[in-house]
Amino acid sequence: MNWITEHKIPIGSAMEDVVDWLTDNADFIFDAISVSLEWLILFIVDFFVWLPPSVPMIATAATAWFLHKSVPLVIFVVCALLLILNLGYWQEMLETFVLVLTATSISIALGVPIGITAAHKPWLYTILRPILDLMQTIPTFVYLIPTLVLFGLGVVPGLISTIIFAIAAPIRLTYLGISKVPADLIEAGRAFGATPFKLLYKVELPAAMPSIMAGITQCIMLSLSMVVIAALVGADGLGKPVVRALNTVNISQGFEAGLAIVLVAIILDRICKAPNAKEEG
C-alpha cells in the first residue's frame, strides 16, 4: 500500500498556493479590511473603557430586566460583573464583549439572509450543506492559520476566524425555521394576496423566529469560544490572560481568567435566551 502514500494528493500545497496568490495579488484589500475593522473595534473598546464601570453594569442589568423581568437574573448579572471588576479583568471583559458583539452582528447580518434564501432555493442549500459541514467540523485552530497569513497578528484575524466559525449556526437554523413553516400558513397568506416580501415578513419570519433566535444564541456562544482561542494570534480580551497563564503555568491567573470567561458566557446565555423560556430539569 506504499503507492498510496507515495502519490499524495496535493491538497495542502494547493491551499497554500491559493493563500500565496491572495497575499501577492490582493494584499491591499486585506490591509484595507484589517485597518478598517481594527479601527472600528478599538474605537468601540475605547468608548466602553472610557465609561465608568457602573454604566455598562446598569445597561446590562436593565437589558436583562427588560427581556426577562427576572430579579434573580438581574442580581446575578450585577454580582457577576462586580466580581469580574474585582478580579481586575474589566477591560479584558469589555474587549471580549466587543469582539463577540462585532462577530455576532456580522454573522447574523450575513447568515440570516443566506438561510432565508437557501430555504426558498433548495439548490442553494444543496451547495451550502457540505460547506457548512466542513466549517463546523474543522478544528478551530485551523481557521487561525490562513487568517493570520492574510491579515497579520492582531484583533482582525481573530475576528475573521470567529465569523467563519460562528456563521454556520444562523444559516442552518434560519434555513430550518423557514423551511419548517406550515404550508397552511403560507397558502393562507397567498390566498389573501400577500406579496412574497409580505409573506416573508408577516408569515414566515414570525413562525420561524424561535429557530432563528436559537441560531443567534448559538452564534453568540460560538463567537465567545472562538474569541478566547483567537488570543493565540494576538486578539485582545480574556483569552490573553488564559494564554499567559498557560505559558507560565500560573494556576491562580488561569483560574481567575477562566472564571471571568464562564461568567461572561452565562450572562450572554441567560440574557439572549428566549423570554419566558422554561428551564429544563
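Along the sequence shown, the residues carry numbers beginning at 1.
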For the student: nearest non-hydrogen atoms of Ser179 and Ala119, plus distance: N-CB, 4.1 Å

Heavy-atom closest pair, residues Pro53 and Pro56: O-CD, 3.2 Å

Thr174 side chain to Ile171 backbone, donor-acceptor under 3.5 Å: no

Leu205 vs Ile178 side-chain heavy atoms within contact, under 4.5 Å: yes

Check: Asn247 side chain, Val243 main-chain N or O, donor-acceptor pair, under 3.5 Å: yes

Charged tip of Lys69 within 45° of Phe66 ring normal and under 6.0 Å: yes

Nearest heavy atoms of Leu144 and Ala230, plus distance in Å: CD2-CA, 4.2 Å

pair Val45-Phe97: side-chain heavy atoms closer than 4.5 Å: no

Contact check, side chains of Met93 and Ile261, non-hydrogen atoms, under 4.5 Å: no

Leu99 vs Val155 side-chain heavy atoms within contact, under 4.5 Å: yes

Spacing of Ile114 atom CD1 and Leu132 atom CG [to the nearest 0.5 Å]: 8.5 Å

Spatial distance of atom CG (Asp46) from atom CH2 (Trp39) [nearest 0.5 Å]: 10.5 Å

Closest non-hydrogen atom pair, Ala61 against Val77: N-CG1, 4.2 Å

Arg129 bridged to Asp133 by N-O distance under 4.0 Å: no

Atom CZ of Arg244 with >12 non-hydrogen neighbours under 6.0 angstrom: yes

Cluster check Ile116, Trp123: I/L/V/M/F/W/Y, side chain < 4.5 angstrom: yes

Minimal non-hydrogen separation, Ala214 against Leu173, with atom names: C-CD1, 3.7 Å

CG (Leu134) with more than 12 external heavy atoms under 6.0 Å: yes

Identify all side-chain donor-acceptor contacts of residues 100-108 below 3.5 Å with residues at least two apart in sequence or on another chain.
from: Thr102; atom 1: OG1; to: Val98; atom 2: O; distance (Å): 2.8
from: Thr104; atom 1: OG1; to: Val100; atom 2: O; distance (Å): 2.7
from: Thr104; atom 1: OG1; to: Ser223; atom 2: OG; distance (Å): 3.4
from: Ser105; atom 1: OG; to: Leu101; atom 2: O; distance (Å): 2.7
from: Ser107; atom 1: OG; to: Ala103; atom 2: O; distance (Å): 2.8

From CA spacing to verdict: side chain to side chain contact (heavy atoms under 4.5 Å, CB included), Ile266, Phe76: CA-CA 10 Å; Ile266 295 175; Phe76 170 77; 3.5 Å; yes

His120 NE2 to Glu204 CD distance, which is reported to the nearest 0.5 Å: 3.5 Å

Worked check of side chain to side chain contact (heavy atoms under 4.5 Å, CB included) between Ile167 and Met135: CA-CA 9 Å; Ile167 196 173; Met135 291 168 63; 3.3 Å; yes

Whether Tyr125 and Tyr175 hold their rings parallel, tilted or perpendicular, with breakpoints at 30° and 60°: parallel

Joint hydrophobic cluster, Ile29 plus Val35, side-chain heavy atoms closer than 4.5 Å: no

Nearest non-hydrogen partners of Gly215 and Ala169, listed with the distance: O-CB, 4.0 Å

Test side chain to side chain contact (heavy atoms under 4.5 Å, CB included) applied to Met226 and Ser161, step by step: CA-CA 8 Å; Met226 189 64 187; Ser161 300; 3.7 Å; yes

Nearest-0.5 Å distance, NE2 of residue His68 to OG1 of residue Thr63: 9.5 Å

From Leu37 atom CG to Ile160 atom CD1, the distance as rounded to the nearest 0.5 Å: 5.5 Å

Side chain to side chain contact (heavy atoms under 4.5 Å, CB included) evaluation trace for Trp65 with Leu73: CA-CA 8 Å; Trp65 173 256; Leu73 176 60; over 6 Å; no

Cluster overlap Val49 with Leu40, hydrophobic side-chain contacts below 4.5 Å: yes

Side-chain donor/acceptor of Glu95 to backbone N/O of Gly237, under 3.5 Å: yes

Inter-residue atom distance Leu259.CG - Tyr89.OH, 0.5 Å rounding: 10.0 Å

Hphob cluster co-occupancy, Leu82 + Leu87, side-chain heavy atoms under 4.5 angstrom: yes

Cluster overlap Leu83 with Val264, hydrophobic side-chain contacts below 4.5 Å: yes

